[in-house]
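Here is the structure we will look at.
Since this is a predicted model, take the numbers as computed values, not measurements.
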Amino acid sequence: MRVPIGLLLLSTLFLAFTGCDRVTNSPHAAGAENTNTYFSGHTERSPKYLDSTASYSLDETQFTYLVYEPPYHFHYLKRPYEVVPRAAEAVALPRYFDKSGSELPADAPGDQIAESVYDIRIKKGIKFSPHPAFVKDAQGKYVYHNLAREDVGSKRTPFEFERQGTRDLTAHDYVYAIRRLATTRIKSPSFSPMAEKIKGLKEYGEQISAVDEKLRKGRPLTDRNLPFLDFRNHPFAGAEALDDQTLRVRIIGKYPQFKYWLTITFFAPLAWEVEIFYAQPGMAENSLTMNDWPVGTGPFMLTESRPNSQHVLSRNPNFRGEPFPCEGEDADHVAGLLNDCGKTMPFVDRVVFAIEKEKIPHKTKFMQGYYDNPEVSRNDWLLELDYDVKNSEEVARLFKERGIQMPRTVEVSNWYLGFNWLDPVIGKGKTSEQQLRNRKLRQALSIAIDWEEFVRVFESKAAGEPAMSPVPPGLFGFRKDAVNRTVYDVVDGKPHRKSIAEAKKLLAEAGYPDGRDAQTGQPLVLNYDYQRALTPELKAEVEWVVKQFAKIGVQLELRATDYNRFQDKADKGSLQIFWWGWYADYPDAENFLFLLYGPNSQALTQGNGNNTANYQNDEFDKSFEEMKFLDDGPRKQQLIDRMVAITQEDAIWAFGYNPYAGSVHHQWVGNVKPGPLVLDRLMYMKVDPAQRTAKIAEWNNPIWWPIALIVLALIAAVIPAFRTWKRRERENAARGLAVGGAE
């Protein structure tokens with residue numbers, strides 16, 4: 001017994017007084033907090049696609065938009081969002097041509113334009129990040145382009161090759177990337193929409209498919225070492241380099257929104273040398289691919305990749321540096337967001353993403369200071385932590401003491417309750433009298449649904465601002481003062497939802513006094529289609545909607561289905577009332593108003609349209625057809641105002657709410673401005689390592705007294721046992737002596 005008791009005491013004392021000078025659940029190496037590094041978590045899994053041709057998921061953007069450089073990006077501070085040059089010298093204005101090839105004036109009507117030509121000048125002196133694919137020998141031959149499998153060996157990163165090289169970016173690299181959208185070897189989400197816009201891309205896709213089929217001939221479908229598909233050898237008219245610095249893209253008709261596509265990494269440059277390097281035998285088996293090790297010209301490069309553990313971006317030593325913006329909104333001056341005007345970015349040297357598989361440890365490590373923000377790409381952290389603050393005095397106190405900041409903005413998206421225009425009760429109606437009655441019914445329901453209450457009740461996941469129209473904040477055409485007068489009165493300059501009495505009055509005028517058909521006396525029963533099976537959490541939201549209708553005596557019958565079944569019903573036009581939302585593909589009102597454009601009717605196009613309400617209004621459609629060809633300006637604003645007013649009066653949607661987006665970060669993080677469409681935001685942000693180190697030490701001091709109590713308790717328990725043992729030892733010794741004496 002003597003040895004175990006001694007070991008126990010020694011172990012306890014050792015733990016108490018050695019090696020416990022810091023909390024040990026930090027995901028980073030000791031001392032890392034004092035380096036110029038930005039630390040963030042990354043939820044559940046490593047990014048799947050970092051190849052710019054394929055990558056489109058939100059959790060991948062925090063990598064791809066720092067590694068790659070499309071021609072344009074969004075201004076970090078300005079709202080509404082403004083497209084500005086990134087790798088390009090300027091945002092190019094298109095030239096327009098008619099069917100005969102004659103050039104048209106800049107203000108030519110959209111329906112006369114057969115082709116738009118964009119000539120984009122690329123900045124000189126931009127270089128790719130270091131990579132073995134660019135290395136040449138003294139004779140100008142590529143050193144690592146003809147490797148055998150044994151040359152690759154056990155290498156797992158590009159940096160295990162002895163030499164690294166670079167070269168200047170050219171317009172040819174953008175051409176290569178656009179051609180590669182047509183590849184059949186990976187799926188590009190941009191190919192289908194761009195095939196309808198870029199001249200010849202659709203046919204080019206068919207050509208490349210045939211080329212790839214020949215290259216694959218006789219090879220198994222699972223073969224990962226396919227012959228290199230060199231897009232330099234397969235040109236097409238829609239994308240070409242006029243010289244090393246000039247990219248030309250030809251667009252079918254007029255498409256003002258194309259400038260927004262040029263901010264997306266689908267249009268980032270790709271070096272053919274990198275693709276041929278990764279196409280060599282043995283590369284794919286060792287995870288040496290563009291999905292795993294992307295190569296670009298951006299401010300950072302991926303230097304460490306431990307799947308499902310940690311990924312590290314390091315400063316690209318070849319990056320030219322970009323100045324921090326000197327223009328912004330009035331609030332940016334007040335917030336100090338222009339203090340770094342003109343200073344060279346990026347400000348941090350490294351960005352570390354640690355994989356966190358569970359929410360509670362992830363949140364705990366953020367609160368301890370080990371993450372500068374919980375997760376760069378996810379806005380729902382703002383809602384969750386804000387909910388914790390509002391519902392716990394202890395959490396609120398801790399956030400205040402630790403100076404945690406939660407700036408927010410309204411996301412460029414909307415959620416709404418839609419009414420099917422094809423439905424005889426809730427839709428348009430066949431006669432003018434029925435149309436008036438149905439419109440008043442939709443208006444009554446729109447008043448009854450209290451979205452202000454919704455965002456309060458479900459603020460942990462649905463916080464935002466009640467919407468007034470289909471156009472969310474942050475876009476050209478949105479007017480903050482465009483109050484929906486169908487649903488709200490303006491009192492002292494502020495919108496106030498109309499009373500339930502007003503809703504009941506409209507309901508009676510629609511032919512349903514107290515929620516009953518005035519002719520038959522039968523209760524009005526409407527169907528609510530919900531797109532998911534009802535979990536307990538979702539059931540609460542759905543039941544809330546039922547209660548809103550009940551306030552004016554209308555019964556709502558739930559028809560919850562899985563998403564596939566919901567889509568089938570939407571395609572057939574058999575929905576009556578439904579819950580739906582839309583996130584911006586690009587920041588233009590056209591991307592939201594097309595959801596109510598008649599020819600986009602989902603039912604009438606057999607599911608190929610996005611107008612799920614199947615709304616059709618001749619005046620709206622005519623305005624939309626003119627607006628979609630217009631650049632931002634007075635006439636476009638006038639048309640948007642008219643379309644908004646039409647939808648407010650027709651009440652085809654109960655407009656719902658525009659969700660909040662934002663950031664949660666510690667006090668030592670600077671230059672933070674929420675902007676869901678600004679995906680290269682880490683280039684602008686900075687940290688104060690000294691302050692972070694001090695705060696982490698302050699917040700994570702070991703608490704010694706519990707250990708001392710444990711030691712005392714152990715001693716208190718051991719001493720009586722030791723005394724008992726000693727007494728028994730003496731008694732046994734005495735018995736032994738007695739026995740010996742008898743012998």
Side-chain angles (χ1 to χ4, degrees), residues 25-28 33 37-44 58-59 61-62 65-66 76-77 331-332 335-337 347-348 351-413 455 458-465 474 658-689 691-692 695-696 698-700:
N25 67 324
S26 171
H28 314 301
E33 66 274 9
T37 303
Y38 189 96
F39 295 105
S40 181
H42 187 80
T43 301
E44 293 184 0
L58 187 63
D59 65 339
T61 59
Q62 55 197 4
Y65 280 81
L66 296 178
Y76 185 56
L77 301 176
D332 298 333
L337 285 172
F347 293 117
V348 300
V351 182
V352 175
F353 298 99
I355 307 297
E356 290 287 351
K357 298 183 182 299
E358 297 182 14
K359 181 63 71 70
I360 292 176
H362 193 163
K363 188 185 297 188
T364 300
K365 290 172 189 175
F366 167 69
M367 293 303 300
Q368 291 175 276
Y370 297 131
Y371 293 134
D372 299 318
N373 95 319
E375 194 166 3
V376 173
S377 62
R378 296 285 296 272
N379 293 313
D380 51 356
W381 279 97
L382 171 74
L383 304 183
E384 179 167 335
L385 293 176
D386 190 43
Y387 180 81
D388 291 346
V389 168
K390 290 178 178 177
N391 288 275
S392 169
E393 292 183 3
E394 178 65 21
V395 173
R397 180 190 60 77
L398 189 62
F399 269 59
K400 184 176 181 180
E401 288 177 354
R402 299 197 171 181
I404 295 173
Q405 306 297 308
M406 293 192 288
R408 67 182 62 200
T409 185
V410 178
E411 196 166 24
V412 188
S413 64
V455 297
F458 302 105
E459 62 182 344
S460 66
K461 58 175 291 188
E465 296 178 1
N658 303 122
Y660 285 136
S663 174
V664 182
H665 61 274
H666 282 291
Q667 57 186 284
W668 54 77
V669 181
N671 293 338
V672 179
K673 180 168 183 175
L677 293 177
V678 180
L679 298 174
D680 56 354
R681 64 181 73 95
L682 281 176
M683 180 169 67
Y684 302 85
M685 293 163 65
K686 62 182 182 180
V687 296
D688 183 339
Q691 185 184 27
R692 177 173 58 197
K695 291 299 180 181
I696 287 177
E698 176 187 335
W699 298 341
N700 298 284

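- With Asn671 contributing its side chain and Tyr684 its backbone, the two residues share a donor-acceptor pair below 3.5 Å.
- In plain terms, the two heavy atoms of Asp372 and Trp668 that are nearest each other are OD1-NE1, 2.7 Å.
- Scanning both residues, Gln62 and Ser377, for their nearest heavy atoms gives OE1-N, 3.2 Å.
- Note: Lys365 NZ to Asn25 CG = 6.5 Å, rounded to the nearest 0.5 Å.
- By the 4.5 Å heavy-atom criterion applied to side chains, Tyr370 and Glu33 are not counted as neighbours.
- Residues satisfying the side chain to side chain donor-acceptor pair (under 3.5 Å) test with Gln667, not counting sequence neighbours, are Gln691.
- Panel note: side chain Glu411, backbone Pro659; no donor-acceptor pair is recorded below 3.5 Å.
- Between the side chains of Ser40 and Asn373, at least one donor-acceptor pair of N or O atoms lies under 3.5 Å.
- Counting heavy atoms from C-beta outward, Val348 and Val687 have side chains that approach closer than 4.5 Å.
- Proximity of Trp381 to Met406: side-chain heavy atoms (C-beta onward) are nowhere separated by under 4.5 Å.
- The CZ atom of Phe366 sits 4.5 Å away from the CD1 atom of Ile404 when rounded to the nearest 0.5 Å.
- The closest donor-acceptor contact from the side chain of Asn658 to the backbone of Ser413 lies under 3.5 Å.
- Between Phe353 and His42, the ring planes are perpendicular. Angles over 60° get that label, and only those under 30° would be called parallel.
- Residues Gly675 and Thr409 come closest through the heavy atom pair N-CG2, 4.5 Å.
- Between the side chain of Arg681 and the main chain of Val376, a donor-acceptor pair closer than 3.5 Å is present.
- Scored by the salt bridge (charged side-chain N to carboxylate O under 4.0 Å, His left out) test, Arg402 finds no partners at all (sequence neighbours excluded).
- To the nearest 0.5 angstrom, His666 atom NE2 is 11.5 Å from Lys695 atom NZ.
- Residue pairs meeting the salt bridge (Lys or Arg N to Asp or Glu O under 4.0 Å) criterion with at least one member in residues 665-679, sequence neighbours excluded, are Glu329-Lys673, Asp332-Lys673.
- When all heavy atoms are compared, the tightest approach of Gly369 to Ile696 is O-CD1, 3.3 Å.
- Here Asp388 pairs with Lys363 under the salt bridge (charged side-chain N to carboxylate O under 4.0 Å, His left out) rule; sequence neighbours left out.
- Two residues are said to be in side-chain contact when any heavy atoms from C-beta on lie closer than 4.5 Å; Tyr371 and Pro27 meet this criterion.
- Between Thr43 and His362, the shortest heavy-atom distance links the atoms OG1-CE1, 4.0 Å.
- Considering only heavy atoms from C-beta on, Asp386 comes within 4.5 Å of Arg408 through its side chain.
- In this structure, the side chains of Pro374 and Leu385 come closer than 4.5 Å at one or more pairs of heavy atoms.
- One N or O on the side chain of Gln405 and one on the backbone of Gly403 form a donor-acceptor pair closer than 3.5 Å.
- Scanning for salt bridge (charged side-chain N to carboxylate O under 4.0 Å, His left out) contacts around Glu393 gives an empty result, with sequence neighbours left out.
- Rounded to the nearest 0.5 Å, atoms CG (Asp680) and CG (Leu677) are 11.5 Å apart.
- Here Tyr38 pairs with nothing under the ring pair (Phe, Tyr, Trp, His ring centres under 6.0 Å) rule; sequence neighbours left out.
- Of all non-hydrogen atoms in Glu375 and Gly41, the two that sit nearest each other are CG-O, 3.6 Å.
- A distance of 4.0 Å separates CD in Glu384 from NZ in Lys359, rounded to the nearest 0.5 Å.
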